[in-house]
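Values below: all heavy atoms of this structure, side chains included; hydrogens, waters and symmetry mates excluded. Worth saying up front: this structure is predicted, and the values here are computed from it rather than measured.
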Amino acid sequence: MDVGLTADQQALRGAVRELLGEQCPPAAVRAAWTDPSGVDGLWLRLAEMGVFGVAVPESAGGLGLDEMALVPLLDEVGYAAVPAPVAETAAVVAPLLAALGDPPGLLPDLLAGRAKVALATGDLVPYGARSDAVLTLDGEQAWLGKPEPAAVSTVDGSRAPATAD
């Protein structure tokens, strides 16, 4: 069994690494603590590259790839400390909406980078203060709603956490 990356997967990872090196240096991450709009351009570029649709079937507007293509991209996002819910969107929210037939009709905006969705699995919602919606998972149930959470102060202000209500 071959578990190495294909040439296409390596190329996509390299393109994401290059983009993050240009648009998400440590200074941009620090600046996002007080001005989250600084990463809006990066969010749109990641969407243009198809990052949010890697694990979404082509029939739903995604790239139709698997985890072997997604994980190296998320590794690069983590290495750059991107102050936005990239992993949550690409690995959980977008594939889940696609699998459910996109009941709220949010998937096209999510894939195009026009919407950010935070993921709540407990009381604290990373990026909740900067998202257009919050997806709450509880066992086999999920809720998607507009966030109106109170901001929470933490040692990592780049994650803009909020409390789930």
Are side-chain heavy atoms of [X] and [Y] found at a separation under 4.5 Å?
X	Y	answer
Arg130	Pro83	yes
Lys116	Tyr127	no
Val117	Glu88	no
Trp143	Asp138	yes
Leu119	Pro85	no
Thr89	Trp43	yes
Leu144	Val134	no
Val93	Leu106	no

### Query
Does atom CD of Glu67 have more than 12 heavy-atom neighbours from other groups under 6.0 Å away?
no
Reported [atom1]-to-[atom2] distance for the pair [X] and [Y], which is rounded to 0.5 angstrom:
X	Y	atom1	atom2	value
Asp35	Arg30	CG	CZ	14.5 Å
Leu12	Met49	CG	CE	6.0 Å
Arg45	Glu22	CZ	CD	7.0 Å

Is [Y] reachable from [X] through a run of I, L, V, M, F, W or Y residues, each pair having side-chain heavy atoms under 4.5 Å apart?
X	Y	answer
Leu65	Val92	yes
Leu20	Leu44	no
Leu110	Val82	yes
Leu111	Leu135	yes

Given 3.5 Å as the limit, does a donor-acceptor pair link the side chain of [X] with the main chain of [Y], or not?
X	Y	answer
Gln9	Thr6	yes
Asp102	Leu107	yes
Asp109	Ala115	no

Contact summary for [X] and [Y], nearest pair of heavy atoms:
X	Y	answer
Leu46	Val86	CD1-CG2, 3.9 Å
Ala87	Leu74	CA-CD2, 3.7 Å
Val56	Pro95	CG2-N, 3.9 Å
Pro126	Ala118	O-CB, 3.5 Å
Arg13	Leu5	NH1-CD1, 3.4 Å

### Task
Go through the steps for Leu63 and Glu58 under the test side chain to side chain contact (heavy atoms under 4.5 Å, CB included), then give the verdict.
CA-CA 5 Å; Leu63 299 180; Glu58 289 182 65; 5.9 Å; no
